[in-house]
Amino acid sequence: MSTTSLAEVTNQIQKYWSPIFTKQLRESLLLGSLVDKKYQGAIAAQGDRVRVSQVNAPTGQLLTVGIDADSFSSEAVSNSYVDITADKRAVASYKFQDLVSLQSQISQDNPEVMESLKFAMAKQINDYLWSLVSASTSSPDHNINGVADFNAAQLAACRILAAQAKWRMEPGWYALLDPQYYGDVMNATTLASSDYGATDAPAISGQVALKRFGFNILEDNSRSADHGLLFHPDFMHMVSQTEVQVKISDLHPLGQFGTILSVDMVFGAALGIDGSKKHIQVY
């Protein structure tokens, strides 16, 4: 690459980096890639608010022909909704001594800088999404503690709990298990063997999910030992800008030598409608 000015380097990054970076960032986020992202409105700037809504089912009537089936009563349409504000900004940045050192790092053949920035931003978003996890503690309790071995019996218990909470089957149910719990699953023949379950599981972030008892099971090594999150994607909604923003600035106006390269994304997230009942924590 033979770019010689800050403007040319900026154009190079905006043209080639940002679309690739956004795709890879989203693919590296396990929880962020699975929660629902459909919403009404648009996010053009930080602080914008969008809405996730649903039409509530009417009560309806059961009528008997010859007695009261000649007329019916209508009901007013009602909606439930959650407003989500894009008030979080995940940021990662590097300072370079000069433009030459920056040029040598941003080529597509040398993705180390992009990978490092991607990881830093992904961790910020992932940690924030996990901080919103808050399963219902009302009866039946969706927090299951004291589970030392995540085996078939425990997965079956979660399956029953999800069905009783009337989770929708579409687009699927997911289980994110820490390495310890995932190892328990791998050591259980009735869970690990393809003879005991479906084989048409999706691939998420480079992993092929293990589909058992209605759950797509994935390993999440960002969690501490003995922790699992089982959920329907509607339990949480994440909203974000279309692409990651990439910016390069010369530090000379500040009386300094060097260049700053930063990447950021404005986003927001919140539990969905009845979201506390649409996920289960096991630990």
Hey, could you give me the CG/NZ distance between D264 and K247, rounded to the nearest 0.5 Å?
10.0 Å
Quick check for you: to the nearest 0.5 Å, what is the distance between S240 atom OG and M265 atom CE?
4.5 Å
One thing to verify: whether D274 and K278 come together as a salt bridge, which I'm taking to mean a side-chain N less than 4.0 angstrom from a carboxylate O.
no
Minimal non-hydrogen separation, W167 against H232, with atom names:
CZ3-N, 3.8 Å
Neighbour count above 12 (heavy atom, 6.0 Å) for N145 CG:
yes
What's the spacing between R89 CZ and Q46 CD if we round to 0.5 Å?
4.5 Å
A165 and H142: which non-hydrogen atoms are nearest, and at how many Å?
CB-CE1, 3.9 Å
Is a side-chain donor or acceptor of K37 paired with a backbone partner of V35 at a separation under 3.5 angstrom?
yes
Would you say the ring centers of Y182 and F150 fall short of 6.0 Å from each other?
no
Euclidean distance, F267 CZ relative to Q124 CD, rounded to 0.5 Å
8.5 Å
Which pair of heavy atoms, one from Y174 and one from F215, lies closest together, and at what distance?
O-CD2, 3.8 Å
Backbone N or O of A135 within a donor-acceptor pair of the N143 side chain at under 3.5 Å?
yes
Result of checking D149, D226, N151 against Y181 for side-chain contact (heavy atoms from CB on, under 4.5 Å):
D226
Here the pair of heavy atoms bringing I273 nearest to S80 is CD1-O, 3.4 Å
Find the distance between CD1 (I84) and CD1 (I43) and round it off to the nearest 0.5 Å.
8.5 Å
Given the rule in the ring-ring contact (aromatic ring centres under 6.0 Å, His included) test, do W173 and H279 qualify, once you have shown the distances and angles that lead to the verdict?
CA-CA 10 Å; W173 302 352; H279 67 289; over 10 Å; no
Would a 4.5 Å heavy-atom cut-off, applied to side chains only, mark F235 and S276 as touching?
no
Give me the atom names and distance for the closest heavy-atom approach of M236 to L129.
CE-O, 3.2 Å
Establish, yes or no, whether the cationic atom of R51 lies under 6.0 Å from the six-membered ring centre of Y81 and within 45° of the ring axis.
yes
Any luck finding a side-chain donor-acceptor pair between H237 and D36 under 3.5 Å?
yes
Student check: side-chain heavy atoms of I144 and C158 closer than 4.5 Å
yes
Would you check if I260 and I248 make a side-chain contact, meaning some heavy-atom pair closer than 4.5 Å?
no
Side-chain contact, heavy-atom cut-off 4.5 Å: L210 with M186?
yes
Could you tell me whether the side chain of W130 reaches within less than 4.5 Å of the side chain of L176, counting heavy atoms only?
yes
Judged by modelled atom types alone, do S222 and N126 share a side-chain donor-acceptor pair under 3.5 Å?
yes
With heavy-atom distances below 4.5 Å as the criterion, would you say the side chains of L271 and S134 are in contact?
yes
Do N79 and S53 have side-chain N/O donor and acceptor atoms under 3.5 Å apart?
no
Taken to the nearest 0.5 Å, the spacing of L251 CG from Q256 CD works out to 5.5 Å
Side chains of L177 and V185, heavy atoms from C-beta outward: is any pair under 4.5 Å?
yes
Can you tell me if H227 and Q281 form a side-chain donor-acceptor pair at under 3.5 Å?
yes
What about I217 and M169, same hydrophobic cluster or not, with Ile/Leu/Val/Met/Phe/Trp/Tyr joined at side-chain heavy-atom distances under 4.5 Å?
yes
Indicate if M238 and V266 have the same hydrophobic cluster label, given that clusters are the connected sets of ILVMFWY residues with side-chain heavy-atom separations under 4.5 angstrom.
no
Apply side chain to side chain contact (heavy atoms under 4.5 Å, CB included) to residues F96 and L261 and explain how you reach the verdict.
CA-CA 8 Å; F96 295 87; L261 167 63; 3.9 Å; yes
Please say yes or no: joined through hydrophobic side-chain contacts below 4.5 Å, possibly via intermediate residues, are L63 and I67 part of one cluster?
no
M121 and A92: which non-hydrogen atoms are nearest, and at how many Å?
N-CB, 4.3 Å
Answer yes or no: is there a donor N or O on one side and an acceptor on the other, between the side chain of H252 and the main chain of T259, under 3.5 Å?
no
Assess the residue pair V263 and V91 against the criterion (side chain to side chain contact (heavy atoms under 4.5 Å, CB included)); give the C-alpha distance rounded to whole Å, side-chain angles, the decisive distance to 0.1 Å, and a yes or no.
CA-CA 6 Å; V263 294; V91 183; over 6 Å; no
Partner of D68 under side-chain contact (heavy atoms from CB on, under 4.5 Å), picked from V65, D70, T64, is T64
D87 and T85: side-chain donor and acceptor closer than 3.5 Å?
no
Report yes if some heavy atom in the side chain of V244 is under 4.5 Å from a heavy atom in the side chain of K118; otherwise report no.
no
Spell out, yes or no, whether Y283 and L155 are grouped together once hydrophobic residues are joined by side-chain heavy atoms under 4.5 Å, including indirect joins.
no
In terms of hydrophobic clustering (I, L, V, M, F, W, Y; side-chain heavy atoms under 4.5 Å; direct or indirect links), are V133 and L34 co-clustered?
yes
Could you go through L218 and V208, starting from their C-alpha distance and side-chain angles, then the distance that decides it, and tell me whether this counts as side chain to side chain contact (heavy atoms under 4.5 Å, CB included)?
CA-CA 8 Å; L218 297 158; V208 177; over 6 Å; no
